[in-house]
Chemist: 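Here's a structure for you.
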Amino acid sequence: MSFVITTPLYYVNDKPHLGSIYTTLICDSIARYKRLTGEEVIFITGVDEHGLKIQRTASNKNVDPQTHCDEISNIFIQNWKDWDISHNKFVRTSSKNHEFIVNEFYKRVRNSDDIYMGLQKGWYCVGCEEFKDNPDNSPTHKCPIHQKILEWKNEENLFFRLSKYQSQIENLISDPTFIQPKERRNEIINFVSKGLKDFSISRTNVSWGIPVPDIKNHTFYVWFDALLGYVSAISQDMNNPSLEDSINNGWPADIHLIGKDILRFHAVYWPAMLLSAGMKLPKKVFGHGFLTREGQKMGKSLGNVLDPNLLLSKYGKEAVRWYLLKDISLGNDGDFQNKRFVDIINNDLANTIGNLLNRTSSMSRKWFDNKVPDIEGVSNDTKLALCTKKTVENYIIHFNNYELDLAANDVLNLAINTNLYLNEKQPWLLIKDKNKISSVGNIIYNVLESTRIIGLLLLPLLPDLSTKIDIQLGKSYEKEKSWSKQLNWGLLKNKSILPAPSPIIEKLEYE
RNA sequence: GUCUCGGUAGCUCAGCUGGUUAGAGCGGCGGAUUCAUAGCCCGCAGGUCGCGUGUUCAAGUCACGCUCGAGACACCA
């Protein structure tokens with residue numbers, strides 16, 4: 001059994017924005033966590049490359065769509081490399097085997113008698129080449145962009161019988177674990193209760209797309225193309241990829257992590273399509289919130305878009321990860337505030353965790369010959385050992401619930417408690433009395449041990465920082481051994497050598 | 001217009017099925033200490049818990065009304 005997690009397949013109309021980074025970082029962290037707990041993980045990400053918008057963007061640039069897609073896709077790939085994303089699959093919907101999977105899937109759905117030719121009717125803007133949502137709001141029936149009068153148009157499209165799956169979908173979403181967070185779930189329940197209508201799955205005016213077999217001039221519409229990327233990803237590097245291969249090698253997804261804007265497509269359309277194709281349903285769809293900046297929506301028109309690459313080069317990925325994962329609770333909207341960002345990184349990472357490591361290591365080095373103290377035996381029932389144990393338990397519960405912010409806070413609290421323990425015990429006073437050296441040794445060992453576990457717990461959240469901590473504790477982490485087992489108290493080896501400490505993260509300054 | 005969610009200390013938010021002096025983190029102010037990255041630790045912050053009415057022995061916690069904010073109400077993703 002593998003654990004399958006997906007980001008959305010990002011639309012290649014433009015390079016990645018902070019929102020894409022956010023979603024992807026969360027998935028990355030969850031994927032890392034699951035791997036550490038011993039699960040075989042398939043972490044899927046990729047790009048959605050078809051559609052009219054891409055076609056148009058490319059033609060504006062005077063290149064063919066494939067060239068444009070290659071260019072943007074490469075930027076995504078490079079970005080994920082820069083952010084050290086640990087994905088296993090990167091799907092491109094313009095790839096051949098994706099097309100193959102879409103065709104196979106289509107056949108299944110057609111065999112279920114869920115496809116028919118119908119008429120897409122609506123107000124159409126020639127300028128946009130699109131049907132418009134609510135022209136009734138405007139008495140003149142004008143396109144808000146082009147200010148042209150809309151035409152009533154009938155277009156022949158293939159339709160999918162979504163209506164047939166009304167009760168099955170109702171049943172599915174009544175399970176409180178399927179859609180999260182619950183506020184979003186209510187919206188979907190409300191939407192579904194009004195009755196599902198069939199939706200169109202092909203377009204006649206879009207050449208940049210996957211052709212519908214046997215039907216001239218029709219290409220598949222986005223949802224009958226992009227969503228299948230999650231499936232085609234699984235078998236993408238097999239010799240003869242097929243739908244069956246994907247089904248047998250991982251499908252269904254354990255969690256689709258997406259922005260709240262595309263929840264309906266993932267929680268309603270997609271499951272219905274899968275039911276029609278006789279495939280298993282994803283276990284969970286999680287619609288996270290959006291990011292704002294200093295309390296304002298980010299947008300091109302406001303000119304306040306935060307460039308993720310700028311953040312990365314200025315602050316480093318660990319700082320950005322910590323802010324996004326720890327300070328924003330998944331499901332809520334999050335606000336990016338520069339002052340808060342700086343405060344949090346300095347307080348949490350530099351002062352609380354970084355300085356803990358530093359002060360602990362230097363005491364041990366100073367009083368115990370640059371080594372971990374040689375103590376008589378490890379005691380599991382000290383206050384700190386118990387606190388650590390409790391922290392590990394909570395952390396695991398939180399991570400399993402995808403409450404990454406709480407898990408991060410668990411780690412932080414352990415660091416705070418460890419600092420507190422030091423201040424209570426005051427080994428720097430005890431050491432003045434030579435008879436108390438063994439008692440000091442025990443204290444220092446406990447603190448080092450707690451710090452070791454803090455480092456381990458940070459591994460899925462902040463992989464680089466975690467590694468730095470491990471190095472400064474003399475490299476006690478053993479990759480080939482179970483991570484979970486190494487979270488047990490008392491595994492730090494006596495007398496192992498401690499290198500000279502240095503800051504694990506640089507302090508940030510206000511802009 | 002209909003529906004959903006939210007409005008708690010300067011900021012970000014916890015407060016479950018109603019019950020002692022309403023909590024945390026950050027910022028701010030003061031103190032103690034020296035192992036450490038001017039750090040860690042301790043103390044202080046007196047917030048009409050959006051507004052009003054009601055239910056109750058008792059409401060931030062329930063009901064109704066109002067107000068402000070965010071969102072959903074199908075093919076832009």
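As the structure is a prediction and not an experimental result, all values here were calculated from the model. We name chains A, B, ... by the order of the sequence lines, and we start the count at 1 in each one.
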Chemist: Given atom CZ of A:Phe336 and atom P of B:rU12, what is their separation to the nearest angstrom?
Modeler: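 Rounded to whole Å, this separation is 15 Å.
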Chemist: So what's B:rU37 paired with, Watson-Crick or G-U wobble, going by both distances under 3.5 Å?
Modeler: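 Paired with B:rU37, as far as the under-3.5 Å criterion goes, is no nucleotide at all.
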Chemist: Taking the C1' atom of each, how far is B:rU12 from B:rA72, in whole Å?
Modeler: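 Roughly 26 Å separates the two C1' atoms.
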Chemist: How is A:Lys507 classified with respect to the nucleic acid when contacts are heavy atoms under 4.0 Å: base, sugar-phosphate, or nothing?
Modeler: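 Base contact - A:Lys507 has a heavy atom under 4.0 Å of at least one base atom.
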Chemist: Looking at the base of B:rC35, is there any donor atom on it, or on the side chain of A:Ser362, that sits under 3.5 Å from an acceptor on the other one?
Modeler: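 Answer no: no donor N or O sits under 3.5 Å from an acceptor.
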Chemist: So does A:Asp198 pair up with A:Lys164, basic N to acidic O under 4.0 Å?
Modeler: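 The answer is no: the pair does not qualify as a salt bridge.
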Chemist: Does A:Trp428 lie flat on the base of B:rC35, that is, centres under 5.5 Å apart and planes under 30° off?
Modeler: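 Here A:Trp428 meets both the 5.5 Å and the 30° conditions.
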Chemist: Kindly say whether the aromatic ring centers of A:Trp223 and A:Phe265 come within a distance under 6.0 Å.
Modeler: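 Yes, ring centres under 6.0 Å apart.
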Chemist: Can you tell me the Watson-Crick or wobble partner of B:rA24, both distances under 3.5 angstrom?
Modeler: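 Pairing partner: B:rU12.
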Chemist: Heavy-atom nearest nucleotide on RNA chain B for A:Asp48 versus A:Ile505: which residue maps closer to 5'?
Modeler: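 Its nearest nucleotide being more 5', the pick is A:Ile505.
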Chemist: When all nucleic acid strands are considered with a 4.0 Å heavy-atom cut-off, which category describes A:Asp343: base, sugar-phosphate, or nothing?
Modeler: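 The residue A:Asp343 makes sugar-phosphate contact but no base contact.
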Chemist: Mind checking the P distance from B:rG31 to B:rG69? Whole angstroms is fine.
Modeler: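 The answer is 45 Å between these two P atoms.
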Chemist: With rounding to the closest Å, how many angstrom separate the P atoms on B:rG54 and B:rG71?
Modeler: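 Here B:rG54 and B:rG71 have their P atoms 35 Å from each other.
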Chemist: State which of B:rU37, B:rC42, B:rC26 makes the closest approach to the side chain of A:Asn358.
Modeler: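 Among B:rU37, B:rC42, B:rC26, the one nearest the side chain of A:Asn358 is B:rU37.
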Chemist: Are A:Lys260 and A:Glu187 within salt-bridge range, i.e. N to O under 4.0 Å?
Modeler: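 No salt bridge links A:Lys260 with A:Glu187.
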Chemist: Rounded to whole Å, please give me the gap between CG in A:Leu422 and P in B:rU34.
Modeler: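 That distance rounds to 14 Å.
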Chemist: By the salt bridge (Lys or Arg N to Asp or Glu O under 4.0 Å) test, which pairs, at least two apart or in different chains, include something from residues 402-425 of chain A?
Modeler: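 Output for this query lists A:Lys383-A:Glu424.
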Chemist: Does the separation of the ring centres of A:Phe105 and A:Phe224 fall below 6.0 angstrom?
Modeler: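 Under 6.0 Å, so yes.
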Chemist: For residues 495-510 of chain A, which residue pairs qualify under salt bridge (Lys or Arg N to Asp or Glu O under 4.0 Å), counting only residues two or more places apart or in two chains?
Modeler: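 Those involving residues 495-510 of chain A do not exist here.
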Chemist: Could you check whether the side chain of A:Arg203 and the base of B:rC75 have a donor-acceptor pair of N or O atoms closer than 3.5 Å, going by distance alone?
Modeler: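 Yes.
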Chemist: Within the sub-3.5 Å range, which N or O atoms of nucleotides 68-72 of chain B have a protein N or O partner, and how far apart are they?
Modeler:
| residue | atom | partner | partner atom | Å |
| --- | --- | --- | --- | --- |
| B:rG71 | OP1 | A:Lys297 | NZ | 2.9 |
| B:rG71 | O2' | A:Arg184 | NH1 | 3.2 |
| B:rG71 | O2' | A:Glu187 | OE2 | 3.0 |
| B:rA72 | O4' | A:Glu187 | OE1 | 3.4 |

Chemist: Could you check whether A:Asn157 and A:Tyr221, counting side-chain N and O atoms only, form a donor-acceptor pair closer than 3.5 Å?
Modeler: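 There is no such pair (donor and acceptor under 3.5 Å, judged by atom type) between the side chains of A:Tyr221 and A:Asn157.
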Chemist: Measuring only the C1' atom in each nucleotide, how far is B:rC26 from B:rA58? A whole number of Å is fine.
Modeler: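 Straight-line distance between the two C1' atoms is 35 Å.
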Chemist: Now, which nucleotide makes the Watson-Crick or G-U wobble pair with B:rA59, with each of the two distances under 3.5 Å?
Modeler: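 B:rA59 is unpaired by these criteria.
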Chemist: Between A:Asn423 and A:Gln337, which residue's closest nucleotide on RNA chain B lies nearer the 5′ terminus?
Modeler: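 Going by which nucleotide is closer to the 5' end, it is A:Gln337.
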Chemist: Using both distances under 3.5 Å as the test, list the Watson-Crick or G-U wobble partner of B:rC66, or none.
Modeler: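 The answer is B:rG50, by the H-bond criterion.
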Chemist: Give none if B:rG71 has no partner; otherwise give the nucleotide forming a Watson-Crick or G-U wobble pair with it, both distances under 3.5 Å.
Modeler: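 Matched B:rG71 with B:rC3 under the 3.5 Å cut-off.
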Chemist: Where the side chain of A:Ile416 is concerned, which of B:rU4, B:rU37, B:rC41 is the nearest nucleotide?
Modeler: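 Selected nucleotide: B:rC41.
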Chemist: For A:Tyr323 and A:Tyr315, I'd like to know if the aromatic rings sit close, meaning centre-to-centre distance below 6.0 Å.
Modeler: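 A:Tyr323 vs A:Tyr315: aromatic centres not under 6.0 Å.
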Chemist: With a 4.0 Å limit, can you tell me whether A:Asn347 has a side-chain N or O closer than that to the phosphate oxygens OP1/OP2 of B:rG27?
Modeler: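 A:Asn347 to B:rG27 OP1/OP2: side-chain N or O found under 4.0 Å.
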Chemist: Assign A:Ile504 to base, sugar-phosphate, or nothing according to its heavy-atom contacts below 4.0 angstrom with the strands shown.
Modeler: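 Base: the residue A:Ile504, judged by heavy atoms under 4.0 Å, touches a nucleobase.
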